[in-house]
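The shown structure was predicted, so the numbers you read here are calculated from the model rather than taken from an experiment.
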Amino acid sequence: MKILPLVAVVPAYAAAVLVNPLLGLSDGQPPVIQLELGAAFAIVLLFGLRHLPAIMLTDLALALYAGQTPLSALGSAGLIGLLTGAGTQVLRRCPVQPFPRMRADHYMWFLAVALLLSVIHGARLAWHPGAPLYVSDWTLHAAASFAGTVLTVQLVAGWLDRQDWRRAAADLPKVLPWFALTLLTTAAIFLRVLDGPEPFMFLLPAVLVLSALRLRVRWMSLLLVFMQGLAFWGTNQGIGPFGNDTPLRSLLLLQTFIITLSIASYALSITLSERANASRRARTREAQLLDLFDGSIQGILIHRRFQPLFANRRAAELLGFQSVADLMAQSTLADMIAADDLPVVDSDSNRRQLSSGRILPMQAGVTRADGERRTLDAYIRQVMWRGEPAIQATFIDVTDDLRARREQRGRLERQDRQLAAIMRLSTDAALSAGDDDALVTLTEVAAAALSVSRASVWRLDDDTRQLVCLDLFDLDQLAVARGHTQGKVLDAAAFPEYFSALRSGRTITAGDARAHPATAQLADTYLDREGLAAMLDAPAFLDGRLAGVVCLEQRGRIREWAHDEARFAAELASQLGRFLVARERRLAQEEQARLSAILDATPDYVSTVDTDLNVSYLNLAARRLHGLPLDGLPERLQSRDFYPADSYRHYVDVQLPTVLRDGIWIGETTLRAGNGTLVPMSVVRLAHLDGNGKVQYISSVLRDISDIKRNEVALRVANETLEQRVTERTAELAQANEQLKDLDRLKSMFIASMSHELRTPLNSIIGFTGVVLAGMAGELTARQQDQLQRVYGSAKHLLALITDVIDISKIEAGFIDVFEERIEVTALVDEAVHTVQPAAREKKLEIRVSVPPGILVQADRRRLLQCLLNFMSNAVKYTVAGHITVEACVRGNWLDISVEDTGIGVDEAGLSRLFQPFERIDSKLRVKTPGTGLGLYLTRKIATELLAGSVEVSSTPGLGSRFTLHVPREGSGRASNGVKP
């Protein structure tokens with residue numbers, strides 16, 4: 001609904017009231033047309049009841065201005081409001097379209113309401129207090145109000161509701177001729193333009209009918225206003241057809257004429273517009289229906305005894321015709337239906353059901369016009385076509401859908417088998433435990449799930465040169481060992497493309513194994529020998545490296561592997577990876593048990609604690625000392641439980657900070673045994689770091705030195721009486737000294753032996769941690785990833801520390817062999833440079849090599865390379881920018897190899913501590929650079945005690961350092977063919 005501004009209501013209604021007196025034919029008679037009721041009715045009907053108060057206030061003000069009493073003016077305003085509001089609500093609540101978009105029958109409702117309101121309003125205008133009510137006055141007022149209401153509402157409704165003024169302007173050329181013709185005819189009657197107007201009185205209705213046929217409703221309403229104006233002016237001037245009659249008679253005749261013409265012509269215009277719109281809508285619906293049929297995705301065919309009567313384009317396409325005309329040209333379509341389906345489609349039972357009005361679904365095979373066999377789903381029903389019954393078939397092609405359903409059903413069945421197989425393997429306890437017999441189940445389940453001829457699992461050997469078959473299940477060999485064999489080998493050198501594809505991590509889906517680039521090399525040997533045509537191989541990875549492969553193979557025919565089959569193969573590879581991890585874990589547990597047995601066999605006290613001094617491990621000797629159960633540790637055991645108060649305070653205040661800072665603490669302490677006695681112990685405590693350089697746990701090796709302490713007491717007593725007993729005690733002191741040396745040598749031997757035994761489980765820990773980090777055991781959370789990275793780094797750091805400790809201990813204990821050979825110095829230096837090159841490249845350091853060719857030296861290659869690598873790795877660690885220079889030269893019978901860097905350098909105080917064990921020079925890089933402080937100490941030990949040479953260093957803080965190794969060119973003279981020095 002449009003909104004009329006309230007500010008426009010007052011002048012519009014006031015203008016209608018003020019115009020009323022101008023529309024009278026003579027003094028003392030009411031106006032021919034009274035506009036006030038029509039104006040109020042039009043405003044409220046078209047624009048809403050919210051305008052009614054403004055209309056009533058305006059009427060009240062005008063009545064008071066005209067001299068009416070307040071009571072009379074208030075009654076007039078109230079009546080206008082009541083009539084307008086009531087009439088509007090009646091029209092809005094009746095089951096008709098809202099005015100003015102109404103049909104001809106709706107217009108009758110409007111006329112009835114307008115007439116009723118006009119009669120009531122006319123009675124109010126004809127009645128005066130204290131005077132009788134004359135019917136003639138009432139009639140005149142009612143007729144004038146009715147005429148004004150009809151004309152005003154028609155005009156306002158026609159020109160203000162949804163008006164397109166640009167379209168109205170475009171209609172003017174068509175409208176003006178009919179306006180001119182109608183007004184000319186009206187003027188001929190009421191203005192006596194022509195003599196004898198009586199013929200035009202009969203001509204005017206005919207002209208109005210023609211105008212109603214040509215003009216829209218809004219133009220017709222405007223034309224009627226112009227006609228009434230001409231009629232009123234002519235009658236008022238006395239030149240119209242009623243000019244010679246009395247004013248009252250003329251008024252009555254004019255009112256009758258005005259009302260009759262308005263109602264008849266306006267109703268005719270509405271009726272004709274209705275019919276034109278209905279015809280236009282019918283044509284539009286017919287065009288839309290035909291377009292809908294032609295645009296339908298379903299075929300629509302109407303036939304009688306299979307002779308086509310109607311078809312849309314889709315029906316022609318589905319039946320294989322080039323056009324609808326080609327389809328309609330067929331005399332019968334029965335021969336297109338499959339012979340097995342035609343009797344069913346054309347059965348008597350179907351015809352009876354169709355005649356009863358039922359809609360029948362059916363499916364039939366057809367042979368299209370182009371010869372292709374298709375399957376159609378159809379709904380058929382009986383319709384009337386040109387007065388006779390016919391059959392309408394609405395159908396679609398479901399051939400592809402049926403094929404897709406069959407494929408989908410097969411895929412779902414295949415995936416169900418695969419899911420059942422994975423569920424069975426996932427819950428297999430033997431597979432989770434790493435039991436070798438579980439592989440028999442894995443291969444049999446895989447072969448059954450994918451219906452393949454063979455299924456096998458292979459493991460890459462430690463040298464990564466061969467794939468070794470762990471288990472192969474062959475359906476064609478069930479008579480031999482239930483179809484299972486092991487031990488076949490594939491050499492990586494013979495099939496590089498195949499192994500390269502496996503290392504890429506992608507599943508090999510070789511539907512035609514002889515044509516696939518990854519498996520084509522296997523054709524002349526493996527494929528031909530085994531009669532294989534298709535292969536589906538999925539690699540298994542551990543710790544980021546290829547560890548094995550699952551092979552699913554098809555004999556006799558090529559096979560296109562589906563995506564879900566490739567995914568299933570990858571799941572099998574995950575199961576193989578899980579098995580390999582479990583097997584390695586089982587072996588590691590066996591190694592751990594062996595290591596625990598070794599530690600339990602040593603008489604020394606061995607323990608590990610975390611940084612909060614919670615005890616996590618005690619060997620058998622430690623548990624015996626404290627009187628603890630021999631088969632395990634109690635929960636929540638802390639270090640404070642084993643020390644007297646002063647020793648524990650020293651542990652916390654001195655020993656622990658030193659270990660956390662320097663990585664090691666060596667000294668003495670006192671333990672409280674299980675029986676309450678205090679036992680003096682010598683201690684070596686080591687800090688073990690994670691991957692971020694943070695201390696993860698602390699290990700301690702303690703030895704009972706009660707005898708040594710007693711000897712010290714005895715020595716102290718002897719010293720007090722030295723002058724009297726020096727002679728008899730000299731021998732005892734010498735013996736005690738020898739015992740101490742033996743104990744020290746035994747300690748070194750024990751450390752070397754124990755450290756060696758520690759390396760095996762540490763290697764297992766490093767390997768399994770890498771496997772878990774690679775995701776082979778399942779997805780990890782961010783926190784788990786971080787913690788395992790720390791375990792991995794700490795284990796590698798501990799392994800390096802143990803290796804250095806082993807070498808130092810073996811050198812000190814005299815248990816290291818020297819194997820001398822002829823070495824080309826250039827090759828040795830190149831190998832060292834190649835080893836440290838990745839770390840140098842990461843720090844953008846240039847390594848310069850200056851070694852004359854042809855220099856040979858007689859030395860232990862491994863030990864000489866170890867010294868050179870220690871120098872070069874230190875140079876990379878402590879050089880931020882610049883370069884590293886490696887030089888070699890011959891000086892008489894000596895070979896000098898120097899490593900010079902542009903790093904941070906070492907001051908004089910640092911040089912004095914440089915070759916001490918567990919010493920690391922303070923610098924800004926100390927925190928960022930991992931290390932144990934044993935590298936240079938070990939290097940000097942090797943150079944002086946094994947290679948019969950020496951080590952020299954010069955350094956300038958801030959400019960760099962130069963380390964030089966001097967070794968004899970013709971060997972140390974202390975070893976040959978593995979003889980101990």
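With hydrogens and angles disregarded, a donor-acceptor distance shorter than 3.5 Å links the side chain of Ser616 to the backbone of Thr608.
Looking at Asp401, Thr399, Asp400 one by one, the single match for side-chain hydrogen bond (donor to acceptor under 3.5 Å, both in side chains) with Arg403 turns out to be Asp400.
Ion pairing between Asp474 and Arg555 holds under the 4.0 Å rule for side-chain N and carboxylate O. A salt bridge is absent between Arg411 and Asp564; no separation between the charged side-chain nitrogens and carboxylate oxygens falls under 4.0 Å. One finds a salt bridge joining Arg514 and Asp528 here, because a Lys/Arg side-chain nitrogen approaches an Asp/Glu carboxylate oxygen to under 4.0 Å.
Considering only heavy atoms from C-beta on, Gln477 stays 4.5 Å or farther from Thr485 through its side chain. The closest side-chain heavy-atom distance from Arg373 to Thr367 is below 4.5 Å. At least one side-chain heavy atom of Asp346 sits less than 4.5 Å from a side-chain heavy atom of Arg351. For the pair Leu460/Phe499, a side-chain contact is recorded, criterion being any heavy-atom separation below 4.5 Å from C-beta on. Between Gln330 and Leu319, every side-chain heavy-atom pair lies at or beyond the 4.5 Å cut-off.
Between Phe579 and Asp435, the shortest heavy-atom contact is CE1-O, 3.1 Å. Heavy-atom minimum distance, Trp561 versus Val452: CH2-CG1, 3.8 Å. When every heavy atom of Thr519 is checked against every heavy atom of Ala510, the shortest pair comes out as OG1-CB, 3.6 Å. Nearest heavy atom pair, residue Leu546 against residue Pro539, reads CD1-CB, 3.6 Å. Contact between Ser873 and Val836 at its shortest, heavy atoms only, is N-CG1, 4.3 Å. Nearest heavy atom pair, residue Ala430 against residue Asp428, reads N-OD1, 2.9 Å.
No more than 12 heavy-atom neighbours from other residues, nucleotides or ligands sit within 6.0 angstrom of CD on Gln322. The 12-atom threshold is exceeded at CZ of Arg529, counting heavy atoms of other residues, nucleotides or ligands nearer than 6.0 Å.
Atoms CZ and CD, on Phe395 and Gln298 in that order, are 9.5 Å from each other to the nearest 0.5 Å.
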Run the side-chain contact (heavy atoms from CB on, under 4.5 Å) check on Met535 and Ile508 step by step: do they pass? CA-CA 8 Å; Met535 297 180 66; Ile508 300 175; 5.9 Å; no
Worked check of side-chain contact (heavy atoms from CB on, under 4.5 Å) between Thr332 and Gln307: CA-CA 5 Å; Thr332 180; Gln307 181 179 0; 5.8 Å; no
Begin with the C-alpha distance, continue with both residues' side-chain angles, and end with the deciding distance and a verdict on side-chain contact (heavy atoms from CB on, under 4.5 Å) for Gln575 and Val445. CA-CA 12 Å; Gln575 296 296 327; Val445 167; over 6 Å; no
Could you walk me through whether Gln408 and Arg405 pass the side chain to side chain donor-acceptor pair (under 3.5 Å) check? CA-CA 5 Å; Gln408 178 70 10; Arg405 289 179 184 177; over 6 Å; no
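Ring-plane geometry between Tyr526 and Trp458 is classed as perpendicular, the angle between the planes exceeding 60 degrees on a 0 to 90 degree scale with a lower cut at 30.
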